[in-house]
Amino acid sequence: MPELPEVETIARDLQHALTGQQVADVTVLWPRIVASPSPEGFRARLAGQTVRSVGRRAKFLVLGLSSDCLIVHLRMTGQLLIDPDRVRIPVAGACEDPHVHLALHLRSGRALCYRDVRKFGRFWLVADPSGVLGSLGPEPLDDALTPARLHAMLRKRRRRLKDLLLDQTFLAGLGNIYVDEVLWEARLSPRFLGSAMEEKDSARLQGTIRVVLQRAIAARGTTLRDYRDARGAPGANQDHLIVYGRAGEACPRCGGVIVREVVAGRGTYFCPTCQRE
DNA sequence: ATATCTGCCTGCTCGC
DNA sequence: TGCGAGCAGGCAGATA
């Protein structure tokens with residue numbers, strides 16, 4: 001699943017490939033992928049605009065265009081691919097690959113294809129990005145997220161850490177995989193309450209968030225099944241995962257058994273022996 | 001404020 | 001081998 005490190009990787013790939021490129025035309029094969037405006041308005045407004053910047057906010061990809069902002073969320077299985085196999089590029093409302101739902105055709109002859117097995121991903125074309133991004137919490141890698149600030153945020157919430165770290169309005173960018181990895185690294189149970197955190201716990205958590213995310217970015221993301229970068233290549237961070245998907249295996253820190261339990265409604269991997277309740 | 005449920009989707013796993 | 005049921009999961013929206 002594309003989380004912050006995966007979207008960051010794609011954003012960096014696309015920055016090189018798309019900056020300065022002009023959109024010639026747009027093909028929408030699955031209209032529900034376009035959240036705003038209408039699919040027809042989306043196509044009409046997008047055509048002719050030039051990509052000025054490519055960035056990321058939380059798990060959203062943000063393209064600054066001549067007069068609008070194009071925002072993409074990949075949700076579970078979305079992929080943004082530059083010039084995939086040419087026969088797969090949709091033309092005139094058809095495409096050989098049944099999972100390609102949208103394409104931007106560039107003036108240069110290249111194309112940016114959106115591929116998504118589950119069709120959960122969404123596109124927004126808006127003049128003001130704050131309507132889509134406005135309610136997001138702070139960026140985990142922002143220097144403004146100091147240990148003291150995170151501690152203050154946690155202390156006033158009587159919710160489990162698993163729940164809080166997944167909540168994009170609390171902290172923006174982590175998903176199920178990295179929350180489990182971060183909590184293992186910080187030796188904190190996913191059921192630990194934010195309000196029960198002590199200052200040293202929050203400081204350790206803040207440090208592990210940075211370490212885990214930066215390591216994943218350096219490895220170009222985690223590919224368990226679907227994730228690919230903009231060139232179609234998998235990441236390598238799956239080799240660094242300690243707990244996610246490893247129920248029944250030994251915890252490399254204490255030798256205890258890693259379990260999978262449902263916490264806050266989501267499959268959660270952790271070591272009940274060394275992650276403090 | 002917090003917790004729980006449903007819907008969106010399709011591929012995969014599991015039991016028979 | 002084949003088939004259907006259930007599951008996975010980010011997020012919005014509704015409800016308690």
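Lettering follows sequence order; numbering is per chain, from 1. Just so we're clear, the structure is a prediction, and the values are computed from it rather than from any experiment.
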Euclidean distance, atom [atom1] of residue [X] to atom [atom2] of [N] [Å, nearest integer]:
{"X": "A:L171", "N": "C:dG10", "atom1": "CG", "atom2": "C1'", "value": "15 Å"}
{"X": "A:L4", "N": "C:dG10", "atom1": "CG", "atom2": "P", "value": "14 Å"}
{"X": "A:L193", "N": "B:dT2", "atom1": "CG", "atom2": "C1'", "value": "12 Å"}
{"X": "A:R157", "N": "B:dA1", "atom1": "CZ", "atom2": "P", "value": "7 Å"}
{"X": "A:R158", "N": "B:dT2", "atom1": "CZ", "atom2": "P", "value": "9 Å"}
{"X": "A:Y227", "N": "C:dG10", "atom1": "OH", "atom2": "C1'", "value": "17 Å"}
{"X": "A:K162", "N": "B:dT2", "atom1": "NZ", "atom2": "P", "value": "19 Å"}
{"X": "A:R160", "N": "B:dA1", "atom1": "CZ", "atom2": "P", "value": "18 Å"}

Ignoring hydrogens and angles, state whether a donor on the side chain of [X] or [Y] is under 3.5 Å from an acceptor on the partner side chain.
{"X": "A:T222", "Y": "A:N237", "value": "yes"}
{"X": "A:D180", "Y": "A:Y178", "value": "no"}
{"X": "A:S108", "Y": "A:Q21", "value": "yes"}

For residues 199-250 of chain A, which residue pairs pass the ring pair (Phe, Tyr, Trp, His ring centres under 6.0 Å) check, not counting sequence neighbours?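 Sorted result for residues 199-250 of chain A: A:Y244-A:Y269.
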Please classify the nucleic acid contact of A:G267 as base, sugar-phosphate, or nothing, using heavy-atom distances under 4.0 Å.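 Sugar-phosphate only.
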So what does A:Y178 hit on the nucleic acid, given a heavy-atom distance under 4.0 Å: a base, only sugar-phosphate, or nothing?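 Nothing, no nucleic acid heavy atom in range.
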With a cut-off of less than 4.0 Å, is there a side-chain N or O of [X] near OP1 or OP2 of [N]?
{"X": "A:Q168", "N": "C:dG10", "result": "no"}
{"X": "A:K59", "N": "C:dC11", "result": "yes"}
{"X": "A:R159", "N": "B:dA1", "result": "no"}

Taking for each residue the nucleotide of DNA chain C with the nearest heavy atom, is it A:S135 or A:M1 whose nucleotide lies nearer the 5' end?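 With A:S135 and A:M1 compared, the 5'-side residue is A:M1.
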Is the cationic atom of A:R246 (NZ for Lys, CZ for Arg) positioned less than 6.0 Å from the six-membered ring centroid of A:W184 and within 45 degrees of its normal?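 Geometry flag: not set, cation outside 6.0 Å or 45°.
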Answer yes if the ring centres of A:W124 and A:F42 are under 6.0 angstrom apart, and no otherwise.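 So the answer is no for these two rings.
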Could you run through nucleotides 6-12 of chain B and give me one letter per nucleotide, 5' to 3': B if any protein heavy atom sits under 4.0 Å from the base, S if only the sugar-phosphate is that close, - if neither? --BBBSS
Could you check if a side-chain atom of A:I71 sits within less than 4.5 angstrom of a side-chain atom of A:V126, using non-hydrogen atoms only?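 Contact flag for A:I71/A:V126 side chains = yes.
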